[in-house]
There are 2 protein chains.
Amino acid sequence: MRNSEPIEKLIASFRNLPGVGYKTAERYAYYCVGADIKEIEELTKNIMSAKTEVKFCKECGGYTNKEVCSICQSRNKEVICVVAEPKDISVMEKVKNYNGVYHVLGGTISPLENKGPDDLRIKELLSRINENKTKEVIMATNPDVEGDATAMYIARLLTPLGVKVTRIAQGISMGTDLEYADEITLSKALEARRVIK
Amino acid sequence: MRNSEPIEKLIASFRNLPGVGYKTAERYAYYCVGADIKEIEELTKNIMSAKTEVKFCKECGGYTNKEVCSICQSRNKEVICVVAEPKDISVMEKVKNYNGVYHVLGGTISPLENKGPDDLRIKELLSRINENKTKEVIMATNPDVEGDATAMYIARLLTPLGVKVTRIAQGISMGTDLEYADEITLSKALEARRVIK
């Protein structure tokens, strides 16, 4: 053991955070030991508050500290963007001009993880569509096998009900060098080519 | 604000950790919200314990939760390795066959930061040398202007007292391509060349 017990214990805790190895955890631990006690109290209080106060929005299933999240309270419900996880909402919100609401599935269809359609919040999506007279459902699951399969499944379920189901476009990312794009991305980009206006 | 208030507050707290930007802090925050409550209690408890239980070792000035750290309690005191900060002890401890003790200066001589010899734990170093009949002091401050100046200062102070003062070697790092080594490192490596036996 290279450090005293309280520091090693804290390193072990920090290593649970995503993407944190021993070296990074050790840096964080030393920072905490050297930091002002007020800052440390603030940090632990904020960790606890986030864990205890944040719950799932009754409507979309995203994270919020209210009954219904601020997005569901204020946005246009005719368009629902469907995502896999609560954190994906924050990612999509980078797009400043999207004014619709979200719906969190709680995962994707994944036979490997033994996760079928019944394990996702699809029933809830259906009743929201009914209530809100939703016109368009945008499938924003990840562009991988599970994400694509889930998008396809929901499209087949909703299209007969008269709901337009769209999928976020796949192609070359802005700023990417063609040389480094993988085969599948290139093939999707070619397939989805558009007339230049 | 892309996230609910408790999450944004936690993101702000995590951003104080060294090298953590918004995106990483957000990942950590989402992890905490989704984690088991027991894990979160453990994390906050360990942060608090590290902050409140860890203090400076009475002898070397490193971090410990005892009066005197386990290294000072068990090692050969005839060799003292001098480092700038408590965290440097853990770095040096990667060298498994070092069996001496350490001494933390609490910084380096730095006119820019208004830090002179009197601001460092040099008096404490002198009395340890006297008490322990220290034979060698290894200067393991960083290989930069301040680290070199501090090593030089302490060498000039101790050598007349009959203590051998050495400096950790500077040169090309193992595995580094010569092509990418900087001028100063190359010049130091050339200067410190040794006969191949």
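Each chain gets a letter, A, B and so on, in the order its sequence line appears, and its residues count up from 1.
Here Ser13(A) contributes atom OG and Ile40(B) contributes atom CD1; the two are 9.0 Å apart, rounded to the nearest 0.5 Å. Taken to the nearest 0.5 Å, the SG atom of Cys32(B) stands 9.5 Å off from the CE atom of Met48(A).
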Please step through side chain to side chain contact (heavy atoms under 4.5 Å, CB included) for the pair Asn46(B) and Phe14(A), ending with a clear verdict.
CA-CA 9 Å; Asn46(B) 286 342; Phe14(A) 275 139; over 6 Å; no
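No path of Ile, Leu, Val, Met, Phe, Trp and Tyr side chains, each step under 4.5 Å between heavy atoms, connects Val68(A) with Val79(A), placing them in separate hydrophobic clusters. Leu161(A) and Ile80(A) fall within the same hydrophobic cluster, where Ile, Leu, Val, Met, Phe, Trp and Tyr residues are linked whenever their side-chain heavy atoms come under 4.5 Å apart, directly or through other members. The hydrophobic cluster containing Ile168(B) also contains Val104(B), counting ILVMFWY residues as joined when their side-chain heavy atoms lie under 4.5 angstrom apart, directly or transitively.
Each of Lys87(A), Glu26(A), Glu93(A), Lys66(A) has some count of heavy-atom pairs under 4.5 Å with chain B, and the biggest count is that of Lys87(A). Interface summary for chain B: among Ile47(A), Ile89(A), Thr64(A), the most heavy-atom pairs under 4.5 angstrom belong to Ile47(A). By number of non-hydrogen pairs under 4.5 angstrom with chain B, the leading residue of Arg27(A), Glu53(A), Lys23(A), Glu85(A) is Arg27(A). Of the listed residues Ile71(A), Asn16(A), Ile7(A), the one with more heavy-atom pairs under 4.5 angstrom with chain B than any other is Asn16(A). Comparing Leu17(A), Thr52(A), Ile11(A) by heavy-atom pairs within less than 4.5 Å of chain B, the highest count is held by Leu17(A).
Annotation: Tyr98(A), atom OH; neighbour count of heavy atoms from other residues, nucleotides and ligands within 6.0 Å is above 12. The environment of CD1 in Ile184(B) is sparse: at most 12 heavy-atom neighbours from other residues, nucleotides or ligands sit within 6.0 Å. The neighbour count for Tyr31(A) OH, taken as heavy atoms of other residues, nucleotides or ligands under 6.0 Å away, is above 12. Atom CG of Asn114(A) is surrounded by 12 or fewer heavy atoms from other residues, nucleotides or ligands within 6.0 Å. Around CD of Glu113(A), the count of heavy atoms belonging to other residues, nucleotides or ligands within 6.0 Å does not exceed 12. Other residues, nucleotides and ligands contribute at most 12 non-hydrogen atoms within 6.0 Å of the NZ atom of Lys135(B).
Ala12(B) does not touch chain A: none of its heavy atoms, backbone or side chain, sits under 4.5 Å away. For Ser70(B), no part sits under 4.5 Å from any heavy atom of chain A, backbone or side chain. Within the 4.5 angstrom heavy-atom criterion, atoms from both the backbone and the side chain of Glu42(B) approach chain A. Looking at Lys45(A), neither its backbone nor its side chain comes within 4.5 Å of chain B, counting heavy atoms on both sides.
Residues Ser4(B) and Val54(A) meet the side-chain proximity criterion, which asks for heavy atoms closer than 4.5 Å.
A pairwise comparison of heavy atoms in Lys51(A) and Ile37(B) identifies CG-CD1, 3.6 Å as the closest pair.
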